Amino acid sequence: MTSPSALPPTPGQMTDYYSAIGPLVQMAWCDNFHFGYWDGPGDKSTIEQATDRFTDLLTERLRVGPGDRVLDVGCGIGKPALRIAAATGASVLGITISQEQVEQANARALAEQRTGQVSFEFGDAMDMPFESGAFDAVLAFESIHHMDRSVALREIERVLSPGGRIVLTDVTPLTQELPDQADDPNLVSTLFQFDDWPGLVADAGLVLDELTDVT
């Protein structure tokens with residue numbers, strides 16, 4: 001990991017990264033490629049229960065329903081997108097820079113008989129092919145730390161319809177001091193401080209509604 005001044009990984013690097021670790025993540029962490037949400041030290045929820053709970057917390061904040069269009073940026077193999085569609089009735093399109101994930105996610109949608117409601121395609125969140133205002137809500141679930149946040153946020157703002165919502169999670173350091181490991185060959189993301197987010201949101205032309213630390 002490195003400081004905000006360093007360049008984020010390229011889409012090609014991230015494709016290689018997830019091609020390598022994706023099967024391992026599934027073996028160790030089920031099919032949600034994100035952290036879980038436990039209520040406290042006494043919470044005995046399984047990884048699957050805790051990761052689904054985190055999806056549900058974000059789904060509530062999307063505030064979507066039947067007829068709404070949701071974009072899932074960095075969709076992984078599709079489990080959150082399908083869960084959102086089932087819970088809300090909204091249509092969901094997921095994008096990822098991994099063709100392997102696209103194929104797995106679409107196979108999952110077919111198996112769950114939701115191909116008319118949920119679909120997945122190859123796409124770079126920092127340069128999306130969609131028209132301006134194409135989506136009512138955007139989810140970036142533990143994916144934006146793999147990107148240039150400023151570029152990604154401006155692109156997300158562009159594809160949101162007026163009054164649309166973006167809900168995202170990010171990974172932040174536990175201390176005020178950012179680690180400096182720019183030469184680390186295992187670099188997969190950059191880190192920003194929690195308090196940097198109001199400025200990032202404003203610079204992208206978005207309005208901050210909620211900023212919550214769920215450490």
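Keep in mind the model is a prediction, meaning the values are calculated, not measured.
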Practice prompt. Say whether Ile77 and Leu110 are linked into one hydrophobic cluster, either directly or through other cluster members, by side-chain heavy-atom distances under 4.5 angstrom.
Written response: no
Worksheet item: Salt bridge check: are Arg165 and Asp209 linked by an N-O gap of less than 4.0 Å?
Response: yes
Worksheet entry | Criterion side-chain contact (heavy atoms from CB on, under 4.5 Å) on Val159 and Glu131, from CA distance to verdict | CA-CA 6 Å; Val159 301; Glu131 296 182 359; over 6 Å; no
Worksheet item: Does the Asp127 side chain pair with the main chain of Asp124, one donor and one acceptor, at a distance under 3.5 Å?
Response: no
Worksheet entry | Closest non-hydrogen atom pair, Arg114 against Ala86 | NH2-CB, 3.4 Å
Worksheet item: Which pair of heavy atoms, one from Ala50 and one from Ser45, lies closest together, and at what distance?
Response: N-CB, 4.4 Å
Discussion item. Would you say that Phe35 contacts Val214 through its side chain, given a criterion of any heavy-atom pair below 4.5 Å between the two side chains?
Written reply: no
Item to complete: Taking all heavy atoms of Ala81 and all of Phe120, pick out the closest pair and write down the distance.
Response: CB-CE2, 3.7 Å
Discussion item. Let me confirm one number: the CZ-OG1 distance from Phe141 to Thr169, rounded to the nearest 0.5 Å.
Written reply: 5.5 Å
Fill in: Thr46 OG1 to Gln49 CD distance, which is reported to the nearest 0.5 Å
3.5 Å
Worksheet item: Would you say Glu155's side chain and Met128's backbone share a donor-acceptor pair under 3.5 angstrom?
Response: yes
Worksheet item: Just by modelled atom types, is the Leu200 backbone N or O under 3.5 Å from a matching donor or acceptor in the Asp203 side chain?
Response: no
Fill in: Ile95 and Val102: CA distance, side-chain angles, deciding distance, side-chain contact (heavy atoms from CB on, under 4.5 Å) verdict
CA-CA 8 Å; Ile95 61 170; Val102 171; over 6 Å; no
Fill in: Nearest heavy-atom neighbours spanning Arg53 and Tyr37
NH1-O, 2.7 Å
Worksheet item: So among Leu57, Thr59, Thr51, which one has a side chain to side chain contact (heavy atoms under 4.5 Å, CB included) with Thr55?
Response: Thr59
Practice prompt. Flag the pair Arg63 and Asp136 as a salt bridge only when some basic side-chain nitrogen lies within less than 4.0 angstrom of an acidic carboxylate oxygen.
Written response: no
Worksheet item: Hey, quick one: are Val207 and Leu160 part of the same hydrophobic cluster, counting side-chain heavy atoms closer than 4.5 Å, chains of contacts allowed?
Response: no
Practice prompt. For the pair Arg69 (side chain) and Ala137 (backbone), establish whether a donor and an acceptor sit closer than 3.5 Å, ignoring hydrogens and angles.
Written response: no
Worksheet item: Should Glu48 and Lys79 count as an ion pair when the cut-off is N to O under 4.0 Å?
Response: yes
Worksheet item: Are a donor atom and an acceptor atom from the side chains of Gln117 and Ser91 found within less than 3.5 Å of each other?
Response: no
Worksheet item: Would you say Asp43's side chain and Asp39's backbone share a donor-acceptor pair under 3.5 angstrom?
Response: yes
Practice prompt. Might you work through the ring pair (Phe, Tyr, Trp, His ring centres under 6.0 Å) test for Phe135 and Phe130, ending with a clear yes or no?
Written response: CA-CA 9 Å; Phe135 298 95; Phe130 312 121; 5.2 Å; yes
Discussion item. Can you tell whether the side chains of Asp56 and Arg83 come within less than 4.0 Å, N to carboxylate O?
Written reply: yes
Discussion item. I'd like to check the side chain to side chain contact (heavy atoms under 4.5 Å, CB included) partners of Ser119; sequence neighbours left out, ordered by chain and number.
Written reply: Leu93, Asn106
Worksheet item: Just by modelled atom types, is the Ser98 backbone N or O under 3.5 Å from a matching donor or acceptor in the Gln101 side chain?
Response: no
Worksheet, complete the sentence: Nearest heavy-atom approach of Thr172 to Phe192 is CG2-O, 3.4 Å
Practice prompt. Please name the pair of heavy atoms, one in Ile166 and one in Ile156, separated by the smallest distance, quoted to 0.1 Å.
Written response: CD1-CG2, 3.5 Å
Worksheet item: Is it the case that one hydrophobic cluster holds both Val201 and Leu211, taking links as side-chain heavy atoms less than 4.5 Å apart, direct or via other members?
Response: yes
Practice prompt. Just do the side-chain contact (heavy atoms from CB on, under 4.5 Å) check on Arg149 and Asp170 with the steps written out, would you?
Written response: CA-CA 10 Å; Arg149 289 171 180 79; Asp170 194 10; 2.9 Å; yes
Worksheet item: So, Arg158 side chain and Arg154 main chain: donor-acceptor pair closer than 3.5 Å or not?
Response: no
Worksheet item: Are any of the side-chain heavy atoms of Thr215 and Phe194 separated by less than 4.5 Å?
Response: no
Discussion item. Please tell me whether Glu210 and Thr212 have a donor and an acceptor in their side chains that are separated by less than 3.5 angstrom.
Written reply: yes
Worksheet item: Counting distance only, does the side-chain N/O of Thr96 pair as donor-acceptor with the main-chain N or O of Gly74 below 3.5 Å?
Response: no
Worksheet entry | Derivation and outcome, side-chain contact (heavy atoms from CB on, under 4.5 Å), residues Leu139 and Leu168 | CA-CA 6 Å; Leu139 174 70; Leu168 63 84; over 6 Å; no
